[in-house]
Visitor: 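Once you've had a glance at the structure underneath, I'll fire off some questions.
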There are 2 protein chains.
Amino acid sequence: MAEVAASLSIGQVAERTGLSVHALRFYEHEGLFVNPVRRGPGGRRVYSQHDVDWLTVCVILRASGMPLPALRRYADLVRQGAGNEGERLALMREHQANVTTQISKLAESLDLIRFKVGVYEDSLGLDSAGDRQCHAPAPSAPSHPTEIRIGHAGVGLMNTPPGG
Amino acid sequence: MAEVAASLSIGQVAERTGLSVHALRFYEHEGLFVNPVRRGPGGRRVYSQHDVDWLTVCVILRASGMPLPALRRYADLVRQGAGNEGERLALMREHQANVTTQISKLAESLDLIRFKVGVYEDSLGLDSAGDRQCHAPAPSAPSHPTEIRIGHAGVGLMNTPPGG
DNA sequence: CTAGGATCTAGAGTCGGCTCTAGGTCAAGT
DNA sequence: ACTTGACCTAGAGCCGACTCTAGATCCTAG
């Protein structure tokens with residue numbers, strides 16, 4: 001049905017994964033591959049579809065902020081084979097927690113940003129043709145009780161320099 | 001009701017904003033303040049509540065990934081005073097777009113991560129005591145049609161080294 | 001034979017955003 | 001008088017994750 005063991009050059013893998021050829025060599029150097037990269041005639045790297053699949057996972061994990069050491073650790077665990085699923089699970093769960101925290105922090109920031117956008121739209125007389133929900137989510141009560149109060153002094157005063 | 005013009009030392013501002021004193025001096029050097037920081041006896045910096053409010057905004061924008069040059073541009077606009085709301089709006093809208101893209105990319109990555117977590121939980125015989133929704137959101141159809149297919153070869157094969 | 005392009009290695013350079021150091025001033029406490 | 005601690009300036013250093021360079025090798029096409 002499908003050739004599982006197609007041989008790919010570094011350039012082809014770069015194309016398919018979105019990583020640069022430099023980055024691919026760098027990743028190899030950093031021990032991020034599960035299995036050693038084979039070499040063809042002339043010492044050139046030969047990759048398989050397995051490698052591309054693994055790299056695809058790597059790219060996604062990197063895109064969500066997993067640092068290279070964690071990625072290396074994960075590669076190590078996978079390389080060792082079955083038996084360490086507990087550790088892999090722990091690693092993934094930790095990353096999952098990091099990502100969800102990241103997302104919720106961004107969502108919080110987005111409250112302020114939306115509010116600012118609303119303020120400027122209003123000050124321009126635009127009524128934001130069909131993009132905003134209702135008026136603007138009140139950023140003074142930003143879903144989680146935080147210490148920062150941007151509602152009163154902050155947002156209001158910050159639109160003009162205090163000399164005005 | 002409230003003292004609007006309280007004088008704060010750099011240390012106090014660091015405490016209130018979460019920025020380090022180093023970072024505060026650095027921000028000043030980089031032109032990120034709306035109004036020039038006053039100096040007290042002995043040349044020491046004197047901050048007002050206005051500064052703290054502005055910095056609070058800065059911290060949130062930074063936390064959502066706005067680079068310092070954009071922050072500086074924004075400070076410039078605010079410093080110039082009324083009349084450039086259009087530019088401020090554009091800047092904020094662009095950042096808003098960046099943040100929402102960021103969030104949705106993270107959410108996409110989270111699909112894979114959750115899937116992996118599910119795989120390892122299953123392989124350990126855990127049935128994930130009350131955390132997962134149902135089984136796992138299918139990561140092979142990740143909300144937007146992307147080029148990467150992690151559903152078939154990827155996730156499945158990557159749990160064991162190819163030598164197994 | 002020659003030229004072009006892809007690849008190789010080892011290692012240096014880049015970038016953003018701070019962080020830290022060195023060397024000094026100043027005010028308060030003992 | 002002396003120490004402590006917060007502050008000052010200018011500039012060097014750091015970290016992560018690549019990116020780029022130099023100089024060599026190899027393959028293919030004309």
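Quick note: numbers below take in every heavy atom, side chains included, and nothing from hydrogens, waters or symmetry partners. Below, read A as the first sequence line, B as the second, and so on, with proteins coming before strands; counting in each chain starts at 1.
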Visitor: Between B/Arg72 (CZ) and C/dC18 (P), how many Å, whole number?
Guide: 12 Å
Visitor: Would you say CD of B/Gln12 has more than 12 non-hydrogen atoms from neighbouring residues, nucleotides or ligands within 6.0 angstrom?
Guide: yes
Visitor: Would you call the rings of B/Tyr120 and A/Tyr74 parallel, tilted or perpendicular, where under 30° means parallel and over 60° means perpendicular?
Guide: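 Geometry flag for A/Tyr74 against B/Tyr120: perpendicular rings.
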Visitor: What is the distance, to the nearest angstrom, from the CG atom on B/Leu32 to the C1' atom on C/dG16?
Guide: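 It works out to 13 Å between those atoms.
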Visitor: We want to know whether B/Gln80 and B/Asp76 form a side-chain donor-acceptor pair, criterion being a heavy-atom distance below 3.5 angstrom.
Guide: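 Checked: B/Gln80/B/Asp76 side chains show no N/O donor-acceptor pair below 3.5 Å.
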Visitor: Counting only N and O atoms by type, is there a donor-acceptor contact under 3.5 Å from the side chain of B/Gln102 to the main-chain atoms of B/Thr100?
Guide: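 Answer holds: no.
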Visitor: Indicate for each nucleotide in nucleotides 10-29 of chain D, in 5' to 3' sequence, whether protein heavy atoms under 4.0 Å reach the base (B), only the sugar-phosphate (S), or nothing (-).
Guide: -------SBBBB----B---
Visitor: Between C/dA6 and A/Ser9, is there an OP1 or OP2 to side-chain N/O distance shorter than 4.0 Å?
Guide: no
Visitor: Ignoring hydrogens and geometry beyond distance, is a side-chain donor-acceptor pair present between B/Ser48 and B/Asp51 at under 3.5 Å?
Guide: yes
Visitor: Grab the CD-C1' distance between A/Glu28 and C/dC8 for me, whole Å please.
Guide: 11 Å
Visitor: Under 3.5 Å, which donor-acceptor pairs link side chains of residues 18-29 of chain B to any protein atom two or more places apart or in another chain?
Guide:
unit_1, atom_1, unit_2, atom_2, d
B/Ser20, OG, B/His22, N, 3.4
B/Ser20, OG, B/Ala23, N, 2.9
B/Glu28, OE1, B/Arg45, NE, 2.5

